[in-house]
There are 2 protein chains.
Amino acid sequence: MSTPLRVAVLGCGVVGSQVVRLLQENGDDLAARIGAPIELVGVAVRRLDAPRDVELAEHLITTDAVELVTRADLVVEVIGGIEPARTLILSALENGASVVTANKALLAEDGATLFEAAEKAGRDLYYEAAVAGAIPILRPLRESLAGDSITKVIGIVNGTTNYILDKMDSQGSGFLEALAEAQELGYAEADPTADVEGFDAAAKAAILASLAFHTRVTASDVYREGISEVTAADVASAKAMDSVVKLLAIVELKGDQVGVRVHPAMIPRRHPLANVREAYNAVFVESEAAGQLMFYGRGAGGAPTASAVLGDLVTVARHRLAGTKGAGESAYAARAIQPMGETLTRYHVAIDVDDTAGVLATIAGAFAEHGVSIQTVRQEGRDQDAQLVVVSHDATDAQLAATVAHLRSMDVVRDVTSVMRVEGIDA
Amino acid sequence: MSTPLRVAVLGCGVVGSQVVRLLQENGDDLAARIGAPIELVGVAVRRLDAPRDVELAEHLITTDAVELVTRADLVVEVIGGIEPARTLILSALENGASVVTANKALLAEDGATLFEAAEKAGRDLYYEAAVAGAIPILRPLRESLAGDSITKVIGIVNGTTNYILDKMDSQGSGFLEALAEAQELGYAEADPTADVEGFDAAAKAAILASLAFHTRVTASDVYREGISEVTAADVASAKAMDSVVKLLAIVELKGDQVGVRVHPAMIPRRHPLANVREAYNAVFVESEAAGQLMFYGRGAGGAPTASAVLGDLVTVARHRLAGTKGAGESAYAARAIQPMGETLTRYHVAIDVDDTAGVLATIAGAFAEHGVSIQTVRQEGRDQDAQLVVVSHDATDAQLAATVAHLRSMDVVRDVTSVMRVEGIDA
């Protein structure tokens with residue numbers, strides 16, 4: 001066997017401590033699978049005396065991450081956030097190390113800088129753990145489907161919001177109630193903004209779109225709506241249509257443009273994504289030859305994320321021993337981003353109206369005026385007033401938004417009680 | 001860009017014609033993703049004048065596969081079966097070509113010979129398409145989970161039998177009726193033996209076990225039962241337990257032994273595999289760190305299988321350009337195969353009994369005599385007689401089989417109407 005490969009781990013929180021545990025427990029298997037032993041040379045932490053979930057020899061712990069990366073062949077970055085993670089990754093690559101990271105925020109904001117540095121250094125930068133935790137999804141998109149043409153990816157890529165929406169669906173609770181429950185159980189953070197407002201999912205959508213369509217996509221390219229305005233009425237309305245509300249990250253190829261969006265949407269219960277419960281994640285992929293695929297598993301948590309990190313570590317270690325590297329960033333297609341207003345979507349709209357003769361014709365006229373064709377209308381009379389539930393055919397998001405604004409201004413309309421996009425009807 | 005890589009395709013049937021189509025249609029994308037253009041140098045067929053699903057220049061068609069492999073850098077083998085596929089693959093490797101194959105039967109019978117030849121030649125032998133068609137499952141097992149410890153894989157890896165069992169479940173039809181429908185729709189062959197008796201699934205189980213547990217497993221190591229004896233009563237009995245019957249390929253690590261088996265089993269409807277409908281495939285993976293994962297998609301068909309072949313082709317082409325190869329066979333663990341009799345399973349047994357006082361105690365005694373503990377008993381009285389439905393706890397398969405034989409010999413037992421293993425209860 002070769003001389004040991006020196007591994008440095010940056011960060012020893014929920015994920016880092018599990019990476020360290022697996023490195024220590026599975027050393028023999030890792031050596032057999034790589035073809036060389038792995039030697040943990042250090043773990044960089046912020047505070048030496050912080051409590052940790054893993055036993056670690058004292059001489060391995062350091063607060064000097066900058067120095068640590070200079071003496072490693074393989075660097076695992078699980079600090080998260082933009083800085084100091086970016087500087088440390090760039091420094092590791094410059095020093096000739098291969099890097100494995102789980103840092104979705106950094107990749108989605110400034111991946112290009114990292115990929116260029118890796119290319120220049122002739123080293124690997126792998127990041128399977130950055131999207132959907134333990135679920136192998138980036139490698140299938142990059143490699144398994146490399147001979148196919150991906151047309152659309154729909155992901156449930158944020159466990160916190162899926163947990164909240166699942167509870168709203170199964171218990172009929174409102175958003176704040178379900179959020180409080182998620183926070184109590186540790187599925188949501190004290191400040192839940194990054195999750196519930198869709199920032200986390202948007203970063204993952206950018207990464208998925210980049211890989212699926214060989215185009216550089218950053219977080220700022222992603223249209224984003226969170227779930228904080230999803231109401232119990234929306235969820236009930238979905239139920240009445242035998243559907244369920246999910247926060248979806250959708251990336252698709254439309255002509256030569258790439259659509260990238262994150263928003264809540266209703267999907268039919270028979271869709272494979274509808275059965276993704278609690279904090280699980282899943283990614284649904286449509287491609288020209290393979291057809292429909294789905295990948296399902298744990299999207300977060302220390303051990304699941306560490307599993308993905310270690311898988312990458314084995315790959316980059318093998319490459320290192322073979323004196324080679326994997327394919328780098330693939331952005332050859334350089335497609336444009338489709339503006340959200342031009343994206344084809346369908347809307348579900350629930351409207352409280354005066355129960356007068358001809359009200360349906362008036363409402364239908366408003367849709368027609370904006371060029372939106374109606375797929376179904378359900379009318380529910382209730383004494384003095386009535387509710388109309390309309391599901392449109394595909395139209396541009398701008399047409400649909402204009403229709404809703406128009407509806408709100410109409411005299412016969414008492415209230416627009418629910419507006420939500422609908423996905424997965426054709427699947 | 002480099003000089004073109006020469007590709008030979010052996011076989012131009014359902015899969016081969018789709019491989020050729022994708023090579024021709026996606027040439028520019030493939031070149032961008034590989035870093036060099038692909039040149040199709042020939043397609044080997046059995047009969048020059050056979051009808052084909054793809055347009056192909058006449059000079060590319062040949063019946064001389066032996067000669068064709070001598071002038072290719074990359075050889076795609078989609079003939080299937082043992083010979084001449086084996087000889088051609090060995091010859092291709094000896095001639096310095098990298099090989100991509102979809103040939104599960106050959107890999108499960110004599111993979112070792114092929115892997116050794118690939119190792120000796122310093123070339124890649126990739127075979128993602130051999131298991132579960134378009135679903136990326138081998139690459140995740142080999143690479144994404146390489147830093148984790150896989151404990152169990154449960155696959156629905158045969159579309160024909162899943163289609164038949166799904167129809168039996170949804171329509172209440174018997175096996176022969178559902179088989180006839182599958183044959184009419186092209187989901188089952190005129191001679192359905194390889195599918196319905198589990199030979200196809202057993203080959204895939206052997207491949208999955210080899211990869212999951214780093215051990216050489218061949219088709220002859222696999223315990224195999226097909227679905228031809230699954231009755232409408234079995235399916236109804238499963239329904240009564242809110243379960244469904246599926247043909248499962250199960251590979252698991254028990255101590256330092258590998259269990260490998262294919263048989264029909266009842267699984268609860270809430271299990272992710274229970275919702276795999278029609279001819280779809282899915283593979284459920286349990287590992288120490290990642291937890292539960294599932295991969296879902298089309299397991300057969302020309303285009304889906306071709307997607308997997310092309311994904312491998314891109315990878316081995318990149319390796320070739322980089323002057324390297326991927327990790328070869330990993331059989332370092334060399335574990336023993338667990339005999340089926342020692343495998344822990346649970347049984348569902350439905351028994352028609354005399355409706356006399358104490359019959360339940362008598363039946364329970366028979367289970368106890370063989371050391372089998374009972375999890376649940378459901379008793380359904382019907383006039384003169386009664387039916388007992390027993391689900392056991394885990395016991396060895398030998399103990400459970402002995403219990404059933406004992407039951408059949410008992411005076412109070414009129415008939416054992418359904419015996420089936422139960423899986424996925426703890427999932």
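We name chains A, B, ... by the order of the sequence lines, and we start the count at 1 in each one.
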Chain B contacts, top residue of [options] (heavy-atom pairs, under 4.5 Å):
options	value
A/Thr315, A/Val309, A/Val314, A/Leu138	A/Val314
A/Gly311, A/Gly291, A/Ser144	A/Ser144
A/Asp312, A/Val285, A/Asp29, A/Ile34	A/Asp29

Item to complete: Please state whether the side chain, the backbone, both or neither of A/Leu30 comes within less than 4.5 Å of a heavy atom of chain B.
Response: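 For A/Leu30, the contact with chain B is made by the side chain alone.
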Worksheet item: Quick one: does A/Asp73's side chain get under 4.5 Å of A/Arg320's, heavy atoms only?
Response: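 Yes; the side chains approach each other to less than 4.5 Å.
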What donor-acceptor contacts under 3.5 angstrom involve side-chain atoms of residues 295-308 of chain B, with partners at least two apart or in another chain?
{"residue": "B/Arg298", "atom": "NH2", "partner": "B/Tyr280", "partner atom": "OH", "Å": "3.0"}
{"residue": "B/Thr305", "atom": "OG1", "partner": "B/Gly301", "partner atom": "O", "Å": "2.7"}
{"residue": "B/Ser307", "atom": "OG", "partner": "A/Asp148", "partner atom": "OD2", "Å": "2.7"}

Fill in: Within 45° cone of A/Tyr163 ring axis and under 6.0 Å: A/Arg277 NZ or CZ
no
Discussion item. On the six-membered ring of B/Tyr126, is B/Arg142 placed so that its NZ or CZ lies under 6.0 angstrom from the centre and within 45° of the ring axis?
Written reply: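 So B/Arg142 does make the cation-pi contact.
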Worksheet item: Taking non-hydrogen atoms and a cut-off under 4.5 angstrom, which of residues 18-28 of chain B neighbour chain A?
Response: B/Arg21, B/Leu22, B/Asn26
Discussion item. Keeping A/Lys246 on the side-chain end and A/Val276 on the backbone end, is there a donor-acceptor pair under 3.5 Å?
Written reply: yes
Response to the item:
Counting heavy-atom pairs under 4.5 Å with chain A, the top scorer among B/Gly147, B/Ala282, B/Pro140, B/Gly133 is B/Gly147
Worksheet item: Under a 4.5 Å heavy-atom cutoff, which of B/Lys325, B/Glu128, B/Glu288 has the most pairs with chain A?
Response: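 Ranked by contacts with chain A, first place is B/Glu288.
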Decide whether [X] and [Y] meet the rule of one side-chain donor and one side-chain acceptor closer than 3.5 Å.
X	Y	answer
B/Thr324	B/His319	no
B/His214	B/Arg335	no
A/Thr101	A/Glu77	yes
B/Arg123	B/Ser98	no

